[in-house]
Amino acid sequence: MEITLRDGIHWVGVIDWNLREFHGYEIRRGTTYNAYLVIDEKTALIDTVRAPFGQELIEKLGALTPLDRIDYVVCNHAEPDHAGSLPAIMRACPNATLVCDAKCKEELSAFFDTSAWRFRVVASGESLSLGKRTLQFHATPMVHWPESMATYVPEEKLLFSMDAFGQHVADSARFDDESELDVVFEEAKHYYANILMPFGRPIGRTLDALSALPIELVAPSHGVIWRRHFADILKAYRAWTAFKPAARVVVIYDSMWGSTEVMARAVVEGATIPGVAVELRHLRKNAMSDVVTALLDAPCIALGSATQNNSLMPQVGALRTYLGGLKPERKAGFFFTSYGWSRKATSDEAKGLFEALKIQELHAPILSLFTPTAEVLAECRAAGRALAEEALRQAKEQTQGEG
Ligand code: FEO
């Protein structure tokens with residue numbers, strides 16, 4: 001079935017239904033690699049797909065136009081999920097010129113043998129006429145790599161936004177208004193948290209620049225195309241890029257013989273107050289990608305780890321590494337542990353973790369010798385309540401500031 005965004009503008013992407021791991025993190029619903037064909041007096045392919053799907057893309061293109069009539073292949077982003085099949089496409093389309101920015105050309109030449117490719121290097125703001133339609137290129141550095149750009153078609157008020165506003169959802173629906181919207185937004189948040197979180201500030205600047213464009217359709221490189229709900233996803237992006245606090249507390253922990261888990265549940269009990277959402281996440285029973293998604297808009301976290309070999313448990317170390325790369329901002333919380341014969345080793349390590357991740361310490365570490373006593377559990381409940389009150393305060397302050 002042909003899928004058109006506008007007359008002569010076709011979705012020619014592929015659906016990767018069974019993908020559950022994406023460059024090192026777990027995803028839940030597969031993904032799509034979106035590519036688009038603009039047929040005008042000149043014909044342009046906007047982006048390609050991951051390498052194993054190159055032949056499927058070639059067949060889709062061939063059904064719409066003779067391959068030797070493709071004049072341009074625009075590469076908005078050199079990452080292999082979009083550029084991986086470029087060698088096959090450039091071989092199949094003998095008259096195509098590869099259009100990209102200077103940084104992208106450099107990166108593509110480091111990935112592939114590009115010696116036989118014709119390049120047209122474009123700068124931000126430059127345009128390329130296809131006849132009735134124009135492609136306008138806008139640099140979007142760090143959305144998601146340094147070379148990234150978006151391509152805008154002013155005559156159609158259409159933005160090919162690359163990774164921005166994407167979601168890892170394999171779905172037969174191609175447009176937001178045909179899809180289950182709560183799933184799309186959940187996956188857009190998961191995508192943002194795991195891929196774009198470290199680049200919030202450059203993305204915020206990009207949103208400012210792109211918001212000046214009249215936009216009716218936004219076609220990202222993953223997931224559904226936004227034609228009814230772009231204002232809503234833009235609003236969500238504004239909140240995520242600024243780490244706007246929601247009234248949310250996340251309790252993350254790993255436990256060896258169950259004592260740290262008992263403490264975690266006491267923290268949750270204390271944090272459960274009206275108006276605050278509380279989540280409990282065991283680090284070995286939840287995908288790391290889900291844990292960081294829960295953290296994205298939670299200003300307050302409690303982190304627990306049993307003491308194992310005088311150290312934090314391994315999955316807490318993995319969380320430190322993963323979050324260290326994602327660089328969450330505006331977080332506050334406290335640490336709790338059940339220990340055996342080394343009272344301070346783990347809490348000292350946790351202090352380093354809080355410092356490295358710039359998490360403000362709201363309460364001194366709570367330490368329990370083996371099974372937590374009633375006093376320790378009361379302390380966990382009190383600290384949990386204080387955490388929830390702080391999250392509520394921050395969320396209210398945010399709402400008042402916006403009002
Ligand atoms: Fe979907 Fe940054 O690639």
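FYI, the numbering just counts along the sequence from 1. Just so you know, ligand 1 is whichever comes first in the structure, and atom 1 is the first atom listed for that ligand.
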Fill in: Aromatic ring pairing F111/W145, orientation class (parallel under 30°, perpendicular over 60°, tilted between)
parallel
Worksheet entry | Residue D163 atom name (nearest to atom 2 (Fe) of ligand 1; N/O/S) | OD2
Discussion item. Only N/O/S atoms count here: what is the atom of D81 closest to atom 1 (Fe) of ligand 1 called?
Written reply: OD2
Worksheet item: Is it true that a side-chain atom of T134 and a backbone atom of L128 form a donor plus acceptor pair closer than 3.5 Å?
Response: no
Worksheet item: So which of the N, O or S atoms of E79 lies nearest atom 2 (Fe) of ligand 1?
Response: OE1
Worksheet item: Under 30°, 30 to 60°, or over 60°: which ring-plane class applies to H23 and H144, parallel, tilted or perpendicular?
Response: tilted
Item to complete: Looking only at N, O or S atoms, find the one in H144 nearest to atom 2 (Fe) of ligand 1 and name it.
Response: ND1
Discussion item. Taking 2.8 Å as the cut-off, does H77 contribute an N, O or S atom near atom 1 (Fe) of ligand 1, distance below it?
Written reply: no
Worksheet item: Would you call the rings of H168 and Y25 parallel, tilted or perpendicular, where under 30° means parallel and over 60° means perpendicular?
Response: tilted
Fill in: Option from Y192, Y191, W226, F230 for which ring-ring contact (aromatic ring centres under 6.0 Å, His included) with F165 holds
F230
